[in-house]
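Just follow the structure's listing: the first ligand is 1, and inside any ligand the first atom is 1. These figures come from a predicted structure and were not determined experimentally. Along the sequence shown, residues carry numbers from 1.
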Amino acid sequence: MTRETRELKPVDGKTLGYYCCGPTVYGPTHVGNFRTFVLQDVLRRVLEVGGTRTKHVRNVTDVDDKTIRDSQSAGESLEEFTQRWTARFHEDCAKLNCLKPHVEPTAVGHIPEQITMTEALIEKGHAYPSEDGSVYFKISSFREYGKLARLDQQDLELGRTQNQRANADEYEKDSVSDFVLWKGRRPEDGDNYWESPWGEGRPGWHLECSAMSYKYLGETFDLHSGGEDLKFPHHENEIAQSRCACGGEFARNWFHPRFLLVDGEKMSKSLNNLYTLKDLAQDPGATPMEVRYLLISAHHQKQLNFTFDGLHSAREALAKLARAGKELARAAGKAGVEPPAYRELCKGVEPGVFAPALEALNDDLNTAEALGQLFKGTRAAMEGDPLVNWVGFHAVLAALGLILPDLERPQAPPEVVDLAEKRQEARAARDWAAADAARDSLKVLGWTVKDGQDGYELEPL
Ligand code: AMP
Ligand code: ZN
């Protein structure tokens, strides 16, 4: 909000309330989205490894224009459709070693809360029902509208005086306008509507985050985050809704990582230039950790251009770190020993020669500098106490959420990963015969697959 770097400390002195706008589950989450989710995860980890407790809330948008439209073209119910894509999102998050949020509320699971908030806004004069059974937020009733995105005052005046309305969930900056809180039922919504004081309808996209952050974090909380595109209109609208309905400060700090680009353009479904973890596993055979490394390799306030070369460098960097880690473990008398558990590292450790890497992370989450310092640390790690340095090394890895490859274990080749993914898809579709066939083919190639809570692991036979 102030464009300053500020000290991030829990307002209640105990637990840092952290809200992240989650995925809209209408397709696979692409690695562009994951730049944001991974950096949000690194921020949480850095806080926790630094001894700050967090309460991390991240919603799932399971009803909006896009989920309704695409569930219909898929011939599935909204629930079936969004649950399938939510499961895939969770699998990908697990592969990327992202911590699970403490609360993961859904929009459909919080319809009464959204209705209550809309009622409060009408009562306080910040919203009005329209002829078609929708309810709009009146932006002229909130003088601070536009402050976060630094909207042009002229645009704002125009929006206020023309009193235009935006019914779509997403819109561009040149259409500053009263936005929809509750959408009256339209024929294209099909069965996706709920009863409300204004008739049948459904919530607009912006409302859910205000309702859910209030429910789980209260009227004022420490930190709110989403990709740079969410500043306007989404976060501007959330601020307006929450400040006017609940009266608190809403989010005290904001974290908007910048976009991942492909060939200089934003990665998005509509531009058809998106990569998923699965695409990258198939070609060029990249592991999720290589993707994670690449995503955190630049400062969050710089856009990052996605390239296969970048993935290749990530592979080399991870292998280098793995070799250094082994050497360090040997020196510390910890060869073959599991690194300290995340929970242990969060109790506070002496980082030895890796202190500068943690300092870089604590200074505006400078992941690029931290990676540089991590390498520097490995070159100095034989100085001082190897045991201290070994723990410090793992504290930095834990803060970055990196898991190093086991160099002795062969990496599954792309065709094996492909088969395992096909088996996973068959299982999701309850096609057990196809799943078994894929398992048999894997066996022929010398691999077996072990199922876990959030996915699978491949092991050579
Ligand atoms: P969505 O599912 O579209 O609501 O997006 C989920 C998250 O991904 C939001 O925080 C977006 O701001 C973020 N996001 C979308 N596209 C990109 C991109 N190309 N690079 C980084 N973050 C993105
Ligand atoms: Zn949101």
*Return yes if a side-chain donor-acceptor contact under 3.5 Å exists between Ser71 and Glu76, otherwise no.*
no
*Say whether Phe34 and ligand 1 are in contact under the criterion: heavy-atom distance to a ligand atom below 4.0 Å.*
no
_For atom 21 (C) of ligand 1, tell me which residue out of Gly27, Gly32, Cys20, Cys21 has the closest non-hydrogen atom._
Gly32
_Heavy atom to atom 12 (O) of ligand 1, shortest distance: which of Val38, Asp64, Asp229, Leu261 holds it?_
Asp229
_I'd like to check whether Arg258 has a polar contact with ligand 1, where a contact means an N/O of the residue lying under 3.5 Å from an N/O of the ligand._
no
*Got an N, O or S from His206 under 2.8 Å of the Zn ion (ligand 2)?*
no
*Check ligand 1 against Gly226 and write out every atom of the ligand that is under 4.0 Å from a heavy-atom position of the residue.*
10 (O)
*asked:* For His30, state whether at least one heavy atom is located under 4.0 Å from any atom of ligand 1.
replied: yes
*Does Glu48 pair with Arg44 as a salt bridge, N-O distance under 4.0 Å?*
yes
*Is there a donor-acceptor contact under 3.5 Å linking the side chains of Tyr216 and His110?*
yes
*Are Asp41 and Arg45 ion-paired here, with the side-chain N under 4.0 Å from a carboxylate O?*
yes
*Checking only N/O/S atoms, does His224 have one that is under 2.8 Å from the Zn ion (ligand 2)?*
no
*Are Tyr19 and Glu238 close enough that a side-chain donor and a side-chain acceptor fall under 3.5 Å?*
no
*Counting backbone and side-chain atoms alike, does Glu208 have an N/O/S atom under 2.8 Å from the Zn ion (ligand 2)?*
no
*Donor-acceptor pair between Ser210 and Gln241 side chains, under 3.5 angstrom*: yes
*Go through the side-chain N and O atoms of Asp229 and His256 and say whether any donor and acceptor fall under 3.5 Å apart.*
no
*Any idea which N/O/S atom from Glu238 gets closest to the Zn ion (ligand 2)?*
OE2
*asked:* On a heavy-atom basis, I'd like to know which of Leu260, Val31, Thr61 is closest to atom 19 (N) of ligand 1.
replied: Leu260
*Nitrogen or oxygen atoms of Gly227 and ligand 1 under 3.5 Å apart*: yes
*Angle at the Zn ion (ligand 2) between SG of Cys209 and SG of Cys21, to 10°?*
130°
*Verify the distance criterion only: is there a donor paired with an acceptor across the side chains of Gln411 and Thr287 at less than 3.5 Å?*
no
*Run the numbers for me: atoms of ligand 1, each under 4.0 Å from some heavy atom of Pro23, listed by number.*
2 (O)
*Run the salt-bridge test on Lys183 and Asp189 with the 4.0 Å N-O cut-off and return the result as yes or no.*
no
_Looking only at the side chains, is there a donor atom on one of Asp64 and Tyr26 sitting less than 3.5 Å from an acceptor on the other?_
no
_I want to confirm something. Looking only at heavy atoms, which of Phe37, Phe306, Tyr26 is nearest to atom 7 (C) of ligand 1?_
Phe37
*Proximal atoms of ligand 1 relative to Met267 (non-hydrogen, under 4.0 Å)*: 19 (N)
